[in-house]
Amino acid sequence: MVAADSEGPRDPGVRQAAPGAADVHWCALPFRVLLVLTSHRGIQMYESDGSVMVYWHALDSRDASPDSTQAVFARGIASCGHFICVGMWSGRVLVFDIPLKGPNIVLSEELAAHPASVTDIASEPAQEPDCMADVVTADDSGLLCVWWSGPEFKLLTRIPGFGVPCNSVQLWKGIVAAGYGNGQVRLYEASTGALHVQINAHARAVCALDLAPGVGKLLSAAEDTFVHIWKLSKSRESGCTEAAPLL
Amino acid sequence: MDRGGQKTSFVGTTGAVVTLLVLHDIVLTMFNKSFIEELLKPQELYSKKALRTIYDRLAHASIMRLNQASMDKLYDLMTMALKYQVLLCPRPKDVLLVTYNHLDAIKGLIHDNPPLLHLVDETFRQLIEVYGCLSAGEFQLIRQTLLTFFQDLHIRVSIFLKDKVQNSNGRFVLPVTGPVPWGTEVPGLIRMFNSKGEEVRRVKFPHGGNYVIAPKEGSFEVYGDRVLKLGTNMYSVNRPMETHTSGTSKNLASQTQQSIAPNPLAKEELNFLARLMGGMEITKPSGSEPGFRLNLFTTDEEEEQAALTRPEELSHEVVNIQATQDQQRNQELARIMGEFEVKDQPRWSASKGDDLLAMMDEL
């Protein structure tokens with residue numbers, strides 16, 4: 001597990017700061033695996049054995065003036081096709097185009113749909129022909145944005161928040177699973193944004209969600225010291241998502 | 001100053017005056033307008049070294065002097081207490097309520113000093129202005145940053161160990177009972193909806209904890225009921241503990257039972273005190289001679305209240321402190337008692353002297 005970020009070039013324009021947020025993710029693209037790290041200084045991408053840093057993206061300190069009240073950081077990483085998406089403190093999502101091999105990584109797009117800092121990004125291969133959603137992004141205001149990835153990303157649905165950050169998000173079979181700061185776990189239909197399941201799952205903020213796609217099991221972990229496992233399914237009659245508690 | 005058979009606090013008048021002086025100077029320094037303005041500027045968290053320096057300066061802004069070991073212990077205590085309060089906040093915004101509890105308690109300590117009160121109220125207003133409209137997400141980041149600062153600190157604090165909010169390995173106990181944070185539902189319910197948004201099914205599931213709904217939200221105004229007990233005086237008689245399961249029992253007796261076990265040393269200490277005071281002459285209480293009645297509570301009312309509500313199980317022997325006539329010791333004690341009275345203006349610097357006199361006039 002890579003820990004130190006001292007290998008990156010130091011940008012003198014970026015002030016030394018206590019880390020506001022840091023994230024790490026194995027991006028398993030169809031043709032290569034990259035290790036992506038984020039911090040208050042920037043985004044680093046390494047070959048899967050950690051030997052070589054193939055890309056460094058410094059956070060644009062010009063966006064944050066010295067008097068700015070905002071902490072500067074990158075948070076939320078997901079891969080989708082030959083893209084890697086990384087979320088920003090500003091709410092923007094950076095989309096990087098990854099070549100088959102080598103360091104020629106290019107920032108291809110900046111998605112500007114979130115008014116608050118991005119918290120998490122999730123993706124899955126596009127499902128049925130009628131459900132093209134394959135990326136979902138979440139932010140501090142609880143807003144969820146569902147995207148269709150492509151040479152240009154397209155915003156399909158916006159699922160509004162309710163005053164509480166959405167800390168973690170997963171995507172499975174066209175279902176968006178979201179864990180919130182008030183302990184709730186919610187399941188939405190990705191294509192329409194309709195709420196299908198609302199679970200009063202935890203007494204404190206949900207920190208993380210994880211999903212086993214083969215069996216449709218969702219795990220939620222929260223600051224109340226509990227971990228829950230839920231079985232997700234789609235009702236045959238209505239086609240609506242259901243959840244049952246397993247643990 | 002107390003005279004003529006009236007009761008006086010055991011702290012002793014000199015001790016009380018010094019305490020007030022120290023409090024006054026520290027509050028004056030801590031809530032200095034420029035200092036607060038500097039603190040409230042948007043900036044990163046101070047480094048550990050910087051925080052320790054500020055703390056040392058604050059503590060020594062008064063006539064109080066602490067040696068290195070005492071200073072270290074005090075700083076450790078402060079750090080762990082703050083870690084505890086930030087960690088156990090039900091929701092991130094509650095760190096602001098904890099801060100307001102701190103300010104409320106400080107105002108209680110200096111309540112008879114209007115200029116100081118005004119300083120603290122000013123700070124209150126500035127805090128509301130700077131932090132009052134931050135979002136839940138921003139508070140989450142603030143709390144996370146604070147917790148990172150306290151990471152890997154596991155110093156054991158005796159009062160926390162005694163109250164069982166800290167384990168012997170230095171880790172804090174996270175309670176799984178009590179009220180849920182404001183804005184959170186009690187866990188245990190799954191609701192399912194159809195595509196029209198109508199609820200079609202409800203499933204209950206067992207959640208490991210034992211939670212109840214939050215009674216009300218704490219106030220974020222300058223004056224108000226904070227509801228949250230984190231950040232209130234850890235050392236007050238009715239020590240609030242976050243691990244209690246019952247609702248809002250404020251019964252003095254029950255709380256005394258919970259937290260204070262009978263101290264076998266107490267009787268020995270009182271006997272020792274009796275021997276020390278043995279040479280003192282006690283005349284009839286209505287006379288004009290100085291008398292001395294020991295009151296272990298802060299006020300007469302508290303003493304009477306405690307006597308009324310003292311539960312049977314905790315009844316101890318009453319230790320009577322008798323004055324025995326011993327001429328030699330009598331003279332010595334009389335001389336010491338005489339020194340407690342301040343007849344002349346003390347030789348402080350001008351401003352300190354004025355403050356001291358003003359305070360002593362109020363005693």
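Per chain, numbering begins at 1; letters A, B, ... match sequence-line order.
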Legend entry - Heavy-atom pairs under 4.5 Å with chain A, option from B:Gly183, B:Gly197, B:Pro206, B:Pro181 with the top count: B:Pro181

Legend entry - Proximal component of A:Gln184, with respect to chain B [non-hydrogen, under 4.5 Å]: side chain

Legend entry - Region of B:Val200 that comes under 4.5 Å of a non-hydrogen atom in chain A: neither

Legend entry - Option that, when pairs with chain A are counted at under 4.5 Å, heavy atom only, ranks first among B:Pro90, B:Pro187, B:Ser135: B:Pro187

Inset, instruction - Can you tell which part of A:Asn167 gets under 4.5 Å to a heavy atom of chain B, answering side chain, backbone, both or neither? - result: side chain

Legend entry - Carboxylate-amine/guanidinium proximity below 4.0 Å for B:Lys41 and B:Glu37: no

Under 3.5 Å, sequence neighbours excluded: what are the donor-acceptor pairs made by side chains of residues 215-225 of chain A?
| residue | atom | partner | partner atom | Å |
| --- | --- | --- | --- | --- |
| A:Ser220 | OG | A:His202 | NE2 | 2.8 |
| A:Ser220 | OG | A:Trp230 | NE1 | 3.2 |
| A:Glu223 | OE1 | B:Arg143 | NH1 | 3.1 |
| A:Glu223 | OE1 | B:Arg143 | NH2 | 3.1 |
| A:Glu223 | OE2 | B:Arg143 | NH1 | 3.3 |
| A:Asp224 | OD1 | A:His202 | ND1 | 3.2 |
| A:Asp224 | OD1 | A:Phe226 | N | 3.0 |
| A:Asp224 | OD2 | A:His202 | ND1 | 3.2 |
| A:Asp224 | OD2 | A:Ala203 | N | 3.0 |
| A:Asp224 | OD2 | B:His207 | NE2 | 3.4 |

Legend entry - Check against side chain to side chain contact (heavy atoms under 4.5 Å, CB included), B:Asn210 and B:Val176: CA-CA 6 Å; B:Asn210 182 17; B:Val176 293; over 6 Å; no

Legend entry - Residue pairs, two or more places apart or on separate chains, that pass ring-ring contact (aromatic ring centres under 6.0 Å, His included) and touch residues 130-157 of chain B: none

Legend entry - Contacting moiety of B:Arg91, where chain A heavy atoms sit under 4.5 Å: neither

Legend entry - Atom pair CZ/OG of A:Arg92 and A:Ser117 - distance to nearest 0.5 Å: 13.0 Å

Legend entry - A:Tyr180/A:Phe162 aromatic ring centres below 6.0 Å: yes

Legend entry - Segment of B:Glu185 engaging chain A (4.5 angstrom heavy-atom cut-off): both

